[in-house]
Amino acid sequence: MTVRTRFAPSPTGFLHVGGARTALFSWLYARKHGGKFVLRIEDTDLERSTMESVNAILEGMTWLGLEYDEGPFYQTKRFDRYDEVIQNLLERGLAYRCNCSHERLDKLRDEAMKRKEKPRYDGHCRDIEVSPDEPHVIRFRNPETGVVAVDDLIRGRVTFNNEELDDLIIRRTDGSPTYNLTVVVDDLDMKITHVIRGDDHLNNTPRQINILQALDASPPIYGHVPMILGDDGARLSKRHGAVSVMEYREAGFLPEALLNYLVRLGWSHGDQEIFSVDEMIELFDIDAVNKAASCFNTDKLLWLNQHYIKQDDAKRIAHLLSPHMGNLGIDPSQGPDLVAVAEAHQERARSLVEMAEMSAFCYQDYEAFEEKAAKKHLRPAAREPLERIRETLDSLGEWTEETLHAAVEQVSADLDVKMGKVAQPLRVAVAGRAASPGIDVTLYLVGKEASLQRIDKALDYIRQREANAG
RNA sequence: GCUCCCUUCGUCUAGUGGUUAGGACGCUGGCCUCUCACGCCGGUAACAGGGGUUCGAGUCCCCUAGGGAGUACCA
């Protein structure tokens with residue numbers, strides 16, 4: 001039997017991290033077992049489904065590299081098939097027409113709640129003939145007794161009493177099929193062997209199994225993965241920052257970092273933290289997925305992101321960095337080689353956005369000195385070192401990291417001061433702040449002309465300060 | 001309310017009857033050092049509570065508490 005898994009989002013919004021993790025687990029399971037991964041769009045809710053959402057979901061999956069083998073299949077294109085199944089159920093007496101009014105249903109619910117019971121449909125129309133010509137819904141005739149057991153890959157055996165279930169609507173008054181029916185028919189038709197989905201569906205599973213049995217089909221194997229919560233333990237929402245996968249791209253995250261973070265959320269393999277996609281496929285084990293929901297922790301994601309930024313090829317990082325530079329109004333082709341700039345910042349940035357911000361000085365003059373840095377380093381005592389290094393740099397033959405390093409060392413030696421006494425004021429002058437890559441690299445990237453100009457600006461600042469003090 | 005699910009450091013987790021309860025993020029002390037970062041060494045911090053079972057329980061059972069999901073002519 002070939003393994004076939006699926007991801008079946010409803011297109012009512014973006015691909016969020018919870019859905020992405022469910023998709024990842026499902027995808028990994030298929031890949032690990034040499035199976036197929038199917039994408040299905042559950043768009044039977046005509047009111048809320050949009051094409052923009054479909055595109056956003058596809059974009060998110062593509063970015064993460066969760067490629068599907070079949071699909072996307074759209075449920076709205078399969079209404080004929082659902083009708084056929086409903087008709088079949090109707091003919092065999094396993095479903096029936098119901099014309100109970102909303103009012104009656106509401107009343108039923110209120111009364112049940114008052115009696116501290118679970119609200120269920122009372123089966124009023126079960127044995128009465130409702131004409132096909134009058135407005136009606138179609139309900140599934142759920143077994144009234146017995147238990148349904150789900151042998152879940154993650155939760156273990158979970159059992160439900162049929163008395164708890166009621167006759168659910170499988171076709172609305174407008175003729176459209178409902179979720180629990182379409183899922184069952186689709187999973188069946190698409191020969192899905194393993195249904196890996198969010199655990200918000202665990203309660204639906206017994207109903208689906210009952211429908212499956214009415215259809216003389218054997219249920220697939222289920223695996224209900226827990227939810228992802230916000231860092232405060234509450235349900236993940238916009239309030240927690242980014243929830244959409246694409247927002248993470250915009251925030252400067254690498255897809256492999258998000259994937260690695262997501263796979264470790266609720267799953268682990270001993271003490272291993274870093275997983276390449278190939279390792280995930282090899283080591284992932286759905287049985288080892290935790291039962292409890294887990295909180296999303298951006299700090300750890302940032303750590304992983306930094307790890308991948310650090311480890312990645314500078315060329316690729318530069319390529320990915322480019323649009324973020326653009327967002328700052330910088331055209332990376334005007335200035336130093338972006339690959340060199342990226343390389344210089346690879347160990348310093350936790351995200352590409354941070355990298356763009358911290359390397360902007362290589363392309364454009366900063367607006368003002370970082371206040372604390374200027375106060376600390378651009379003081380009268382720094383004037384001489386700065387003047388000396390300016391002179392040395394001005395007459396430097398070759399502008400390379402080696403010659404620049406030597407120049408700074410030479411001035412420090414001449415002045416008989418530690419290198420920091422020269423490098424720090426120089427750094428603030430050239431980069432505008434107290435932190436930057438090594439001073440030689442920093443100078444190299446800024447270039448001779450801009451460096452000298454900025455040193456002059458720093459010297460002006462110091463003179464101004466001396467004047468004010470005097 | 002009812003049904004189902006869940007519960008180890010702040011967070012992600014290891015742990016499948018005998019461990020000084022391990023790792024990671026974070027925080028923190030130090031080393032390295034031209035700054036920041038990286039790297040390295042160290043520290044901080046957890047078995048929700050209560051009953052059993054057992055020579056022995058984070059691990060098995062029960063109860064309580066707390067969280068979550070479902071309870072739609074949403075998916």
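Here is how names work: the chains are called A, B, and so on, in the same order as the sequence lines, proteins then strands, and each is numbered from 1. Predicted model only: the values in this text are computed from it and were never measured.
- If you check B:C36 for Watson-Crick or wobble pairing at under 3.5 angstrom, you find it has no partner at all.
- Rounded to whole Å, the C1' atom of B:G58 lies 11 Å from the corresponding atom of B:U19.
- Among the protein residues, A:Ile439 comes within range of the nucleic acid bases, having at least one heavy atom under 4.0 Å from a base atom.
- In this structure, the CG atom of A:Asp285 is 16 Å from the P atom of B:U16, given to the nearest Å.
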Take nucleotides 5-11 of chain B nucleotide by nucleotide from the 5' end and write B, S or -, depending on whether a protein heavy atom sits under 4.0 Å from the base, only from the sugar-phosphate, or from neither.
SSS---S
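- At a threshold of 4.0 angstrom between heavy atoms, the contacts of A:Glu117 include nucleobase atoms, whether or not backbone atoms are also involved.
- In terms of phosphate contacts, A:Arg433 brings no side-chain nitrogen or oxygen within less than 4.0 Å of OP1 or OP2 of B:C36.
- Atom CG in A:Leu165 sits about 13 Å away from atom C1' in B:C2, given to the nearest Å.
- A:Gln424 and A:Arg427 form a side-chain donor-acceptor contact under 3.5 Å, judged by distance and modelled atom types alone.
- Checking B:A75, B:A24, B:C73 against every side-chain atom of A:Glu273, the shortest atom distance belongs to B:A24.
- The interatomic distance linking A:Asn203 (CG) with B:A75 (C1') rounds to 14 Å, in whole Å.
- Side-chain atoms of A:Arg433 come within 3.5 Å of backbone N or O of A:Met358 as a donor-acceptor pair.
- Contact annotation for A:Lys418: no contact, since no heavy-atom pair falls under 4.0 Å across all strands.
- Nucleotide B:C25 is matched to B:G10 when pairs are restricted to Watson-Crick or G-U wobble geometry with both distances under 3.5 angstrom.
- Between the P atom of B:U33 and the CZ atom of A:Arg348 lies a distance of 16 Å, rounded to the nearest Å.
- A donor-acceptor contact under 3.5 Å is formed by the side chain of A:Asn204 with the base of B:A75.
- Here the P atom of nucleotide B:C12 and the CG atom of A:Leu304 are 15 Å apart, to the nearest Å.
- Using C1' as the reference atom, B:G18 and B:G1 are 45 Å apart when rounded to the nearest Å.
- A search for salt bridge (Lys or Arg N to Asp or Glu O under 4.0 Å) contacts involving A:Asp106 returns A:Arg109, not counting sequence neighbours.
- For A:Arg350, the salt bridge (Lys or Arg N to Asp or Glu O under 4.0 Å) partners two or more places apart in sequence, or in a different chain, are A:Glu354.
- Here the side chain of A:Glu164 pairs no donor or acceptor atom with the backbone of A:Asn161 at under 3.5 angstrom.
- For the P atom pair drawn from B:G42 and B:U16, the interatomic distance equals 25 Å after rounding to whole Å.
- B:C27 atom C1' lies 15 Å from atom CG of A:Leu302, rounded to whole Å.
- For the pair A:Ser268 and B:A14, the criterion of a side-chain N or O lying under 4.0 Å from OP1 or OP2 is met.
- Among A:Asp43, A:Asp45, A:Thr44, the single residue meeting the side-chain hydrogen bond (donor to acceptor under 3.5 Å, both in side chains) criterion with A:Thr76 is A:Asp43.
- Remark on RNA chain B: of its neighbouring residues A:Ala288 and A:Gln306, the 5'-side contact belongs to A:Ala288, judged by nearest-heavy-atom nucleotide.
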What are the atom names and distances for every N/O pair under 3.5 Å that joins the protein to nucleotides 19-22 of chain B?
unit_1: B:G22; atom_1: N2; unit_2: A:Asp271; atom_2: OD1; d: 3.1

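- Between A:Asp83 and A:Arg171 there is a salt bridge, since at least one side-chain N of the basic residue sits less than 4.0 Å from a carboxylate O of the acidic one.
- Of the candidate nucleotides B:A75, B:C25, B:G1, B:G1 has the atom nearest to the side chain of A:Lys116.
- Between A:Gln272 and B:A24, a side-chain N or O to OP1/OP2 separation shorter than 4.0 Å is absent.
- Residues A:Asn180 and A:Thr178 have side chains that never bring a donor and an acceptor to within less than 3.5 angstrom of each other.
- Between the side chains of A:Asn260 and A:Glu256, not a single donor N or O lies within less than 3.5 Å of an accepting N or O.
- For the pair A:Asp166 and A:Arg139, the salt-bridge criterion is not met [side-chain N within less than 4.0 Å of a carboxylate O].
- Legend: side chain to side chain donor-acceptor pair (under 3.5 Å) pairs involving residues 284-304 of chain A, not counting sequence neighbours, sorted by first then second residue: A:Glu273-A:Lys300.
- Atom C1' of nucleotide B:C73 and atom CG of A:Leu46 are separated by 13 Å, given to the nearest angstrom.
- Across all strands, A:His201 comes closer than 4.0 Å to base atoms (heavy-atom distances).
- Straight-line distance between the P atoms of B:U11 and B:G26: roughly 16 Å, to the nearest whole Å.
- At a cut-off of 3.5 angstrom, counting only N and O atoms as typed in the model, there is a donor on one side and an acceptor on the other between the side-chain of A:Thr173 and the base of B:C73.
- When both distances must be under 3.5 Å, the Watson-Crick or G-U wobble mate of B:C2 is B:G70.
- Backbone-only engagement by A:Thr44 is indicated by non-hydrogen atom pairs under 4.0 Å involving sugar-phosphate atoms exclusively.
- With C1' as the reference atom, B:G15 and B:U8 are 9 Å apart, rounded to whole Å.
- Base pairing of B:A45: no nucleotide in any strand meets the Watson-Crick or G-U wobble criterion (both distances under 3.5 Å).
- Of all nucleotides listed (B:C34, B:G26, B:C36), B:G26 comes nearest to the side chain of A:Asp299.
- Note on A:Pro226: nothing from the nucleic acid sits closer than 4.0 angstrom, heavy atoms only.
- Counting only heavy atoms from C-beta on, A:Pro119 has its side chain closest to B:G1 among B:C38, B:C36, B:G1.
- Side-chain atoms of A:Asp152 come within 3.5 Å of backbone N or O of A:His224 as a donor-acceptor pair.
- Among the protein residues, A:Arg120 comes within range of no part of the nucleic acid, since none of its heavy atoms lies under 4.0 Å from any strand.
- When the C1' atom is compared between B:C9 and B:A45, the two are found 5 Å apart, to the nearest whole Å.
- Applying the ring-ring contact (aromatic ring centres under 6.0 Å, His included) test to every pair with at least one member in residues 153-182 of chain A, sequence neighbours left out, gives these pairs: A:Tyr179-A:His201.
- Comparing the P positions of B:C27 and B:C36 gives an interatomic distance of 15 Å, to the nearest angstrom.
- Atom NE2 of A:His307 is separated from atom C1' of B:G39 by 14 Å (rounded to the nearest Å).
- B:G58 is unpaired under the criterion used here, namely a Watson-Crick or G-U wobble arrangement in which both key atom distances are under 3.5 Å.
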Quick one, A:Phe296 with A:Tyr261, criterion ring pair (Phe, Tyr, Trp, His ring centres under 6.0 Å). Give me CA distance, side-chain angles, the key distance, then yes/no.
CA-CA 9 Å; A:Phe296 195 91; A:Tyr261 179 72; 4.9 Å; yes
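- Side chain of A:His102, nearest nucleotide from B:C2, B:C4, B:C73: B:C73.
- For A:Arg264, taking side-chain heavy atoms from C-beta onward, the closest of the listed nucleotides B:G23, B:A75, B:U3 is B:G23.
- Heavy-atom distances to RNA chain B give each of A:Met227 and A:Ala423 a nearest nucleotide, and the one nearer the 5′ end belongs to A:Ala423.
- Going from the P atom of B:C5 to that of B:C62 covers 12 Å, rounded to whole Å.
- Candidate nucleotides B:A75, B:C34, B:C38 were compared by shortest atom distance to the side chain of A:Ser10, and B:A75 ranks first.
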